[in-house]
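For reference, the structure is listed below as structure tokens.
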Amino acid sequence: MVSKNSKNNKRNNLGPRNISLGNLIRYCFPIMAIVSILHRASGFVLFLLIPFMLYLLEKLKSSAASFAQVQSGFDHCWVLKILTWILLSALWYHLIAGVKHLFMDLGFLEEKESAKISSIFILILGFIGIVLLGAWLW
């Protein structure tokens with residue numbers, strides 16, 4: 001037999017809970033979780049773009065003619081610019097969010113209020129950097 005108090009304890013339990021995929025979109029994540037998820041996503045994007053980075057680096061350093069070819073590709077091919085912008089944006093965000101995580105590893109920014117403020121700062125700094133990278137490329 002289940003008592004009334006045990007039912008209330010189950011409802012008031014603030015521990016881990018399962019979220020279905022349908023509720024995932026409506027779920028309100030804390031800002032710190034959003035920054036962490038974006039940090040992981042930027043790392044995944046960097047991993048996916050490793051072949052592009054290596055190809056571009058090889059073309060840039062192989063000869064002056066291939067360097068000029070890549071340079072003219074930036075002038076005429078918008079796909080090359082977008083891929084480069086995505087790569088640099090992911091690198092920028094991953095760098096600044098990684099520095100935040102390093103500070104957390106040292107024991108700073110671990111309290112809820114300081115973590116929230118630093119997460120907002122990371123999102124703002126990331127957005128400004130990504131916009132500036134786009135302006136620099138175009």
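For clarity, every value in this text was computed on a predicted model and none was experimentally measured.
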In sequence, state the C-alpha distance, the side-chain angles, and the governing distance for F52 and L56, and then conclude on side chain to side chain contact (heavy atoms under 4.5 Å, CB included). CA-CA 6 Å; F52 173 71; L56 203 60; 4.0 Å; yes
According to a 4.5 Å side-chain heavy-atom criterion applied to Ile, Leu, Val, Met, Phe, Trp and Tyr, with indirect links allowed, do L60 and V79 form part of one hydrophobic cluster? yes
Measure across S42 and A90 and return the closest heavy-atom pair with its distance rounded to 0.1 Å. CB-O, 3.7 Å
Are there over 12 heavy-atom neighbours, none belonging to W78, within less than 6.0 Å of that residue's CH2? no
Hey, quick one: are F44 and L87 part of the same hydrophobic cluster, counting side-chain heavy atoms closer than 4.5 Å, chains of contacts allowed? yes
At what distance, to the nearest 0.5 angstrom, does SG of C77 lie from CD1 of I82? 9.0 Å
Gap between atom CG of L123 and atom CD1 of I128 - 0.5 Å precision: 11.0 Å
For residues 90-130, the ring-ring contact (aromatic ring centres under 6.0 Å, His included) pairs (sequence neighbours left out) are H39-H94, H39-H101
Hydrophobic clustering (ILVMFWY, side-chain heavy atoms < 4.5 Å, transitive) - are L137 and L46 grouped together? yes
Output for pair (I122 CD1, I31 CD1), nearest 0.5 Å, gives 11.0 Å
Can you get from I96 to L133 by hopping between Ile, Leu, Val, Met, Phe, Trp and Tyr side chains that sit under 4.5 Å apart? yes
Provide the closest heavy-atom pair for V70 versus L80 in the form atom of the first, atom of the second, distance. O-CD2, 4.1 Å
Cluster link I37 to I130, ILVMFWY, side chain under 4.5 Å: no
So, taking the atom named CG in L91 and the one named CD1 in I86, what distance separates them when rounded to the nearest 0.5 Å? 13.5 Å
Enumerate the residue pairs fulfilling side-chain hydrogen bond (donor to acceptor under 3.5 Å, both in side chains) with a member in residues 45-70, sequence neighbours excluded, ordered by first and then second residue. K59-Q69, S62-S66, S63-S66
S119 vs K100, test: side chain to side chain contact (heavy atoms under 4.5 Å, CB included). Steps then yes/no. CA-CA 8 Å; S119 295; K100 177 187 179 283; 3.4 Å; yes
Near K81 NZ, under 6.0 Å, is it more than 12 heavy atoms from other residues, nucleotides or ligands? yes
Nearest heavy-atom neighbours spanning M104 and L109: CG-O, 3.9 Å
